Amino acid sequence: WQVDISSYGDRLLGDLEQSGLPRGECSAERALLGRVRGCEVTFPVSRLFSEEYAELTAFTTTVERIFGVTFILVDPYHPILEHVLDTAYEDDVLRYRERLKKGGEPRISAARTGGFALNPANLRRIPILVSPLARGPYTDGVVLGVPAHDADLFELARRQKLPIREVVHNDRAKFDSLSRLEEPWLGDGVLTNSGPFTS
C-alpha cells in the first residue's frame, strides 16, 4: 500500500522544528520528503524545419534565471524525443545511448537531437540535447541549461560550443578580455540581461 504525503508536505516540514529530533534526523526527514519550492515552465518544442510543435514542461527552482536558458537537456530516453529528434541526428543519439550503457561517456556529456525549444521569456530558439545530467530527483528528465550559473552546465556548454549568457551579475565574477565568463558565477547578484527585469 502507499500513502500520499504530498498534501501534508508543508505541515510535516514545519512541524519538524518542534519535533525535538536531533538535527541529523531532521535533515534526513527533509530529504525523505523531497519537498522543493519552484514552478513549472512550458516550452514549445519542434524538430528542425518542422511546423509541428509539442510542449515540454520543466520544473525549476530559479525561474528568475529563465533569460539565461540557452539550451535544454533531456534524459536520453525521454518521450519528448518522439517529437524533437530529427532524422539526421537519430544515429548520433543511438550511438550516444550505447556508449552511455557501456560507460563510455562521461557524466558531463551530451548529444544533439536537431530539435529546438522556444524560450518563452525572450523568444529565442534554443537547442535540445540528450544528457545524463538530465537525470535527477527533481528534474523529471528535463534540465534547463543556464550555464553561466552552474558548474556542470558551464563545462558542458564549453564542450558543446553552446552560448553562455550571464543573468546574475556580481562584481566578483571573473571575465576574460572579450567579456566572457571565465567560470560560472554561483553566488548572489543582481539580474542582468533579463529584459524588463534587469536591475
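Because only heavy atoms are used, hydrogens play no part in the values below, and waters and symmetry mates are left out as well, while side chains stay in. Note that the coordinates shown come from a computational prediction; the quantities given were computed from them, not determined experimentally.
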query: Roughly how far apart are F175 CZ and L181 CG, rounded to 0.5 Å?
result: 4.5 Å
- prompt: Of the non-hydrogen atoms in F71 and A157, which two are nearest, and what is the gap between them?
  reply: CE2-CB, 4.0 Å
query: Do L186 and L153 belong to the same hydrophobic cluster, where Ile, Leu, Val, Met, Phe, Trp and Tyr are linked whenever their side-chain heavy atoms lie under 4.5 Å apart, directly or via other members?
result: no
message: For the CZ atom of F116 and the OH atom of Y53, what is their distance to the nearest 0.5 Å?
response: 4.0 Å
message: Just so I know, are the side chains of L144 and F43 near enough to count as touching, which here means a heavy-atom distance under 4.5 Å?
response: yes
- line: By side chain to side chain donor-acceptor pair (under 3.5 Å), R95 pairs with (sequence neighbours left out) D92
field: Co-members of L123 in a cluster of I, L, V, M, F, W and Y side chains, linked at under 4.5 Å
entry: L118
query: Would you say L191 and T198 make side-chain contact, with heavy atoms under 4.5 Å?
result: no
- prompt: Could you walk me through whether K101 and E98 pass the salt bridge (charged side-chain N to carboxylate O under 4.0 Å, His left out) check?
  reply: CA-CA 5 Å; K101 280 184 190 174; E98 286 302 314; 3.7 Å; yes
message: Please determine whether residues L56 and V93 belong to a single hydrophobic cluster, defined as Ile, Leu, Val, Met, Phe, Trp and Tyr linked transitively by side-chain heavy-atom distances below 4.5 Å.
response: yes
task: Supply the atom-to-atom distance E90 CD to T113 OG1, rounded to the nearest 0.5 angstrom.
output: 11.0 Å
- prompt: Which pairs count as salt bridge (Lys or Arg N to Asp or Glu O under 4.0 Å) when at least one residue sits in residues 174-192, sequence neighbours excluded?
  reply: D176-R180
- prompt: Rounded to the nearest 0.5 Å, how far apart are CD1 of I108 and CG of L156?
  reply: 7.5 Å
message: Starting from V168, can I reach V69 by hopping between I/L/V/M/F/W/Y residues whose side chains sit under 4.5 Å apart?
response: yes
task: Under the side-chain contact (heavy atoms from CB on, under 4.5 Å) rule, what do V84 and S46 come out as? Steps first, then yes or no, please.
output: CA-CA 5 Å; V84 300; S46 180; 5.9 Å; no
field: Close side-chain approach of T62 to V146, heavy-atom, < 4.5 Å
entry: no
- request: Give, for atom CH2 of W185 and atom CG of N170, the distance between the pair rounded to the nearest 0.5 Å.
  value: 4.0 Å
- prompt: If two hydrophobic side chains count as joined below 4.5 Å and joins carry through other members, does I72 share a cluster with F67?
  reply: yes
query: Going by heavy atoms in the side chains, are L162 and P147 under 4.5 Å from each other?
result: no
query: Counting distance only, does the side-chain N/O of D140 pair as donor-acceptor with the main-chain N or O of V142 below 3.5 Å?
result: no
field: pair V143-L133: side-chain heavy atoms closer than 4.5 Å
entry: no
- prompt: Can you check whether E155 reaches P106 side chain to side chain, under 4.5 Å on heavy atoms?
  reply: no
- request: Please name all residues satisfying side chain to side chain donor-acceptor pair (under 3.5 Å) with Y89, sequence neighbours left out, ordered by chain then number.
  value: none
- prompt: Do the side chains of S194 and V167 get nearer than 4.5 Å, heavy atoms only?
  reply: yes
query: Taking atom CD1 of I66 and atom SG of C39, what is their separation to the nearest 0.5 Å?
result: 7.5 Å
message: Is there a path of hydrophobic side-chain contacts, each under 4.5 Å between heavy atoms of I/L/V/M/F/W/Y residues, joining I126 to I80?
response: yes
Residue pair T87 / R47, side-chain heavy-atom distance below 4.5 Å: no
- prompt: How close do H149 and R65 get, heavy atom to heavy atom, and via which atoms?
  reply: CB-NH1, 3.6 Å
message: Quick test of your reading: applying side chain to side chain donor-acceptor pair (under 3.5 Å), list the pairs with at least one residue in residues 70-84, sequence neighbours left out, ordered by first then second residue.
response: D75-R135
- prompt: So, for S109 and Y96, which heavy atoms are closest and what is the spacing to 0.1 Å?
  reply: OG-OH, 2.7 Å
query: Partners of R97 by side chain to side chain donor-acceptor pair (under 3.5 Å), sequence neighbours excluded?
result: none
